[in-house]
Structure formats: C-alpha cells, structure tokens
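Contents: one structure, followed by commentary.
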Amino acid sequence: MPMPRVKFNQDLCKGCGLCVSVCPQRLIQVQKRRLNDKGLHPVYVEQVDRCTGCGMCATICPDLAIEVWR
Amino acid sequence: MQAVFKRTAGLLNIPTHYCPGCTHGILHRLIAEAMCELDILHRTIGVSSVGCTYNNYEYFACDMVQAAHGRAPAVATGIKRVHPSKSVFTYQGDGDLAAIGTAEIIHAAARGEKISVFFANNAIYGMTSGQMAPTTLIGQVTTTSPFGRDPDAQGHPINVSEMMATLPGAVYVERVSLHDYRHIIQAKKAVRKAFRVQEAGLGFSLVEVLSTCPTNWGMDPPKSMDWVAEVMIQQYPLGLFRDPKLEESK
C-alpha cells in the first residue's frame with residue numbers, strides 16, 4: 001500500500017492549531033520560528049511516515065490549507 | 001493514490017479574511033461541498049448577510065447577492081419566487097438573524113418560503129468586536145456585559161431553532177455543531193438535507209450551526225471548541241426539531 005501523503009499549504013495556514021488538537025497520531029506542530037505571508041505561524045508535520053491519512057486535520061481546517069491522499 | 005481530502009470546487013481559490021480558528025471557514029466548505037455533491041452549484045444563488053460573513057460572495061463559486069442587515073430571507077424570498085428553478089440559500093450569523101433580522105426570518109418561515117437558511121450561532125457579535133448578542137449565554141462576559149449577561153437586565157438568550165420549530169412552514173429545522181470531527185460530519189449531512197428539502201419543494205429549511213469566535217471569546221481555537229462542547233450545548237441542545245420525510249435517494 002502506498003504511503004499516505006498530506007500537504008499543508010503554508011500560505012493559507014493561519015496557525016490556529018485545530019489540526020494539532022485533532023491529529024490522532026499527534027504529528028502536527030506549529031512552527032514557532034517561521035512566519036508565512038500573512039505573518040502567522042504555519043503548521044508542519046514532523047514524522048510524515050507515521051501519518052495514516054485519516055483526513056481529520058483536513059476536515060477541521062477552516063482555511064482549506066490541507067490536502068490528503070492515500 | 002486517491003485523494004482523501006481535496007479542495008472543493010464550490011469555493012474559489014481565495015484566502016478567507018476570517019480570524020485563525022474561526023469555524024465560518026468550515027461551514028463555508030460544508031455548504032460548497034454539499035452544492036457540488038448534489039450537482040446544484042451552477043444553479044444556486046446564495047444571499048450573504050451583514051456581519052463577519054459580509055463578503056462571503058467573494059468565496060463561493062455560485063452566484064451571490066449581498067443583502068442589507070438582517071434582510072437576507074426577504075431578498076432570498078424574492079429571488080426564489082422569480083427563479084423557482086434555482087436553489088437559494090442564505091448565510092447568516094446570530095447578530096444578523098436573531099437580532100435585527102428576527103422579523104424577516106420568522107415571516108419567511110411562516111410563509112414557508114422554499115429557501116435554505118444556514119445560521120451560524122456563536123453567541124456574540126464577532127465583527128463589531130464582541131458585544132452582547134441576543135444569543136449570548138447567561139453569565140457570558142462580553143464587551144457590553146462585562147460582569148456577565150444578567151437576565152434581569154438583559155433578558156434571556158433566544159433559542160432560534162426551537163422557536164422556528166413551532167411554525168408549520170418550517171419543515172426542516174436542525175441544530176448541529178462544528179466542535180469536533182464527528183459533529184462536522186453530522187453538520188455536513190444536515191447542510192445536504194437542507195438543500196434536498198428545498199430541491200424537493202417541501203418548504204423552508206433552517207440549519208443552526210454552533211460556531212466559535214476565538215478572538216472575541218478570548219480563547220485559543222481548540223479551547224473555544226471545548227467551550228462549545230461543554231457550555232454552549234447546555235443552552236443550545238443539538239437535535240432535529242422538524243423532520244420532513246425524505247426518501248433516501250441521494
């Protein structure tokens with residue numbers, strides 16, 4: 001089975017942290033040391049290989065910044 | 001590889017102006033996805049209201065009209081009567097629908113206008129920086145109720161869905177929430193059903209969606225989702241208040 005892939009659009013992300021709170025694997029973190037075009041801290045996935053592609057982060061994202069493939 | 005989650009064609013590729021963590025973005029997406037799945041995007045006309053969602057006509061890929069404060073159901077009535085073959089929805093907040101627009105929403109429901117109303121209730125005036133709304137909970141602190149809402153001075157919150165359910169013209173009334181994954185999936189079903197009730201010509205449909213306002217509630221977004229689950233649902237219980245019998249075709 002191919003590895004799930006999750007893509008975060010850094011410029012759409014507002015760093016609200018809702019995806020961080022719902023990820024069952026706790027893989028998502030807010031990048032405190034980086035700013036995007038909006039001047040907000042975007043999120044990133046630390047260990048992509050542990051992502052199961054469940055899509056919970058994308059479902060709760062208010063800004064459609066996340067796309068998931070499996 | 002198959003897409004589990006992709007950007008919907010019902011929303012234009014424009015970043016929204018909402019604050020970080022605001023659930024308006026989720027509700028926009030659910031409406032857009034429902035329009036695409038029911039294949040009515042090309043013949044849907046939305047009516048945006050006044051409040052934080054004043055310019056959501058910029059975001060939806062369907063035709064949109066901007067209505068005066070609280071008058072979205074009246075504008076939608078006109079559009080639907082002139083174009084009965086179109087699907088017409090309004091997108092209103094609690095400051096718009098439950099305050100200045102109370103007369104319009106009640107009479108649109110009483111007349112049984114065949115429109116769908118999506119009502120985002122976050123218990124506060126978000127756009128004008130957090131004043132007390134008619135839907136503000138008892139004891140909730142806002143900029144105009146700094147010691148908490150006192151029912152003796154400011155009255156009680158309005159439960160719009162329960163009120164609408166007393167009108168025979170309102171055939172589908174449901175209250176849903178967006179505070180976690182499971183409830184977002186349920187909210188999506190409610191949004192779809194509202195469009196299907198309208199497509200079937202059954203009458204007026206209203207979906208009340210419990211939303212958050214992290215900025216004006218003074219909480220971070222995950223905490224405001226918890227506040228909806230723990231506090232707001234006590235005042236606004238989720239549920240189906242009027243249920244038309246739809247055959248499960250789609």
Side-chain angles (χ1 to χ4, degrees), chain A, chain B residues 1-33 52-53 56 59-61 120 122 177-188 209 211-215 219-229:
Chain A
M1 203 178 102
M3 272 242 295
R5 206 154 70 84
V6 58
K7 188 179 135 199
F8 287 79
N9 186 328
Q10 303 282 306
D11 290 330
L12 286 178
C13 179
K14 292 175 184 164
C16 68
L18 288 176
C19 53
V20 179
S21 70
V22 297
C23 178
Q25 305 282 337
R26 303 260 166 227
L27 301 178
I28 311 171
Q29 284 182 10
V30 177
Q31 304 183 65
K32 288 280 180 217
R33 296 174 66 83
R34 201 174 157 254
L35 293 172
N36 62 10
D37 287 355
K38 289 184 169 53
L40 298 163
H41 299 289
V43 295
Y44 78 114
V45 182
E46 199 171 16
Q47 294 164 290
V48 189
D49 53 323
R50 283 182 57 209
C51 174
T52 60
C54 67
M56 283 174 86
C57 53
T59 305
I60 207 159
C61 178
D63 296 293
L64 291 104
I66 309 173
E67 290 189 337
V68 185
W69 293 270
R70 189 162 52 191
Chain B
M1 241 180 177
Q2 222 182 357
V4 180
F5 194 97
K6 256 181 80 178
R7 195 181 173 92
T8 168
L11 286 176
L12 301 173
N13 201 8
I14 299 171
T16 62
H17 71 286
Y18 303 118
C19 303
C22 174
T23 47
H24 272 316
I26 303 177
L27 183 54
H28 282 36
R29 198 193 77 227
L30 298 185
I31 294 170
E33 285 177 351
C52 288
T53 57
N56 64 7
Y59 308 141
F60 285 107
N122 60 8
S177 173
L178 299 174
H179 68 267
D180 63 18
Y181 178 78
R182 184 169 66 89
H183 285 89
I184 292 171
I185 302 296
Q186 284 170 357
K188 170 93 176 278
V209 184
S211 306
T212 65
C213 185
T215 303
M219 302 176 193
D220 64 29
K223 183 120 192 302
S224 59
M225 292 294 207
D226 295 341
W227 195 79
V228 171

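Each chain gets a letter, A, B and so on, in the order the sequences are listed, and its residues count up from 1.
In this structure, the portion of B:Arg29 lying under 4.5 Å from any heavy atom of chain A is its side chain and not its backbone. At a 4.5 Å heavy-atom cutoff, the contact between B:Met225 and chain A is made by side-chain atoms alone. In this structure, the portions of A:Ile60 lying under 4.5 Å from any heavy atom of chain B include both its backbone and its side chain. Residue contact with chain B, scored on non-hydrogen atoms closer than 4.5 Å, involves the backbone of A:Cys61 exclusively. With a 4.5 Å cut-off on non-hydrogen atoms, B:Leu30 does not touch chain A at all.
In this structure the side chain of A:Ile66 never reaches within 4.5 angstrom of the side chain of A:Asn9, judged on heavy atoms. Residues B:Leu11 and B:Phe60 have side chains in contact (heavy-atom distance under 4.5 Å, counting atoms from C-beta outward).
A donor-acceptor pair shorter than 3.5 Å can be found between the side chains of B:Tyr59 and B:His17. With no hydrogens or angles considered, no side-chain donor-acceptor pair links A:Gln25 and A:Gln47 at under 3.5 Å.
Contact count versus chain B (heavy atoms, under 4.5 Å) is highest, among A:Ala58, A:Ser21, A:Ala65, for A:Ala58. Between chain B and the options A:Arg5, A:Lys7, A:Met56, the largest number of non-hydrogen pairs under 4.5 Å is found for A:Met56.
In this pair, B:Tyr18 and B:His28 present their aromatic rings perpendicular. The plane angle is above 60°, beyond the 30 to 60° band.
Of all heavy-atom pairs between B:Leu27 and B:Ala120, the closest is CD2-CB, 4.1 Å.
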